[in-house]
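Inspection log for the structure reproduced underneath, given as structure tokens.
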Amino acid sequence: RIMITGALGQIGSELTLHLRDLYGTENVLATDIKSDESKTTTDGPFQILDVLDGKTMVEVGRKFRADSIIHLAALLSATAENNPVFAWNLNMGGLLNALETAKELGAQFFAPSSIGAFGPSTPKEGTPQDTIQRPTTMYGVNKVAGELLADYYFHRYGVDTRGLRFPGLISYQTPPGGGTTDYAVEIYYEAIKHRTYTSYIAKGTYLDMMYMPDALEAMILLMETDGGKLKHRNAFNVTAMSVAPEDVASAIQKELPDFTIKYEVDPMRQQIAESWPNQIDATAAKEEWGFNPKFNLDEMTKDMIMKLSNKLL
Ligand code: VAH
């Protein structure tokens with residue numbers, strides 16, 4: 001029985017539906033700080049929960065008889081950069097409460113890390129699974145500390161903690177909020193609605209990306225793998241492609257020939273993007289638990305345009 005925090009977010013909303021399909025609606029409790037106006041998760045158990053209220057989190061988890069906690073509630077990179085103190089309190093306070101809840105309930109645990117856990121001194125091409133991590137954003141500081149905290153709960157208390165360093169995630173169900181890689185989602189919405197997009201990330205800025213179905217698949221594969229086989233735990237590099245805005249634009253133009261891209265760089269989010277790797281190495285994930293993404297840029301673009309057209313038009 002799975003309890004999800006941040007269930008109304010970009011990952012949470014799709015993960016809730018996917019896990020309910022897999023394990024049964026009643027076995028997946030969706031929680032978030034706000035009520036579910038979008039009705040994306042009200043087909044099953046839903047509960048308002050502030051992840052800074054650790055006592056209530058344990059009570060809710062115990063009442064639901066959760067044996068797995070998936071902690072997704074957090075501020076993303078750009079929002080965190082604008083509210084660094086609040087970001088530290090929410091990202092680290094929420095994570096600590098979720099880890100404590102998993103410890104109290106003897107539950108398995110998942111929280112995402114990110115390519116944002118790397119910084120300017122990290123090798124940018126073929127970024128290794130184990131390498132230097134000196135991020136220069138509050139979000140990155142939260143992600144590195146989060147990776148170490150989740151490792152600590154495994155080594156010190158035996159909590160079965162697991163996690164993935166996600167690249168930018170692209171999806172059509174729930175737009176992301178406050179990320180740096182969000183341009184790669186917005187561009188599809190704008191392509192469908194206006195056949196043009198003004199990118200806040202500069203031409204030639206490479207970032208790792210992955211389509212949401214591959215991200216959900218990776219989470220489930222990792223969580224279902226025999227823990228004894230894992231050499232790493234809370235920070236597997238996963239990625240499906242390394243792209244710059246112009247690559248996404250040309251993939252869209254194959255489907256919508258009159259699409260055009262323009263650039264108006266946002267200095268803060270450009271600086272965040274440039275501090276991250278261009279292309280990370282996912283060998284450890286492939287070797288330790290069979291990570292195997294299905295969608296490349298063209299396949300993702302075809303699917304995004306088809307699904308978004310149905311949704312928006
Ligand atoms: C962000 N989408 O942009 C998130 C993610 C790797 C990017 O962490 O902050």
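Every number for a ligand or one of its atoms is a count from 1 in the order of the listing. Worth saying up front: this structure is predicted, and the values here are computed from it rather than measured. Index from 1, following the sequence.
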- Task: Return the set of residues passing ring pair (Phe, Tyr, Trp, His ring centres under 6.0 Å) with Tyr211 (not counting sequence neighbours), or none when no residue passes.
- Result: Phe295
- Query: Is a side-chain donor or acceptor of Glu255 paired with a backbone partner of Ile252 at a separation under 3.5 angstrom?
  - Reply: no
- Per-ligand residue contacts, ligand 1, heavy-atom threshold under 4.0 Å: Leu76, Ser77, Ser114, Ile115, Tyr139, Phe166, Pro167, Gly168, Gly179, Thr180, Thr181, Trp276
- Query: Thr180 versus Ile201: any side-chain heavy-atom pair under 4.5 Å?
  - Reply: yes
- Message: Using 30° and 60° as the class boundaries, would you call the ring planes of Phe236 and Trp289 parallel, tilted or perpendicular?
- Response: perpendicular
- Task: Please round to the nearest 0.5 Å and tell me the distance separating atom NZ of Lys103 and atom OH of Tyr153.
- Result: 6.0 Å
- Query: So, Lys143 and Glu147, do they make that salt bridge, N to O below 4.0 Å?
  - Reply: no
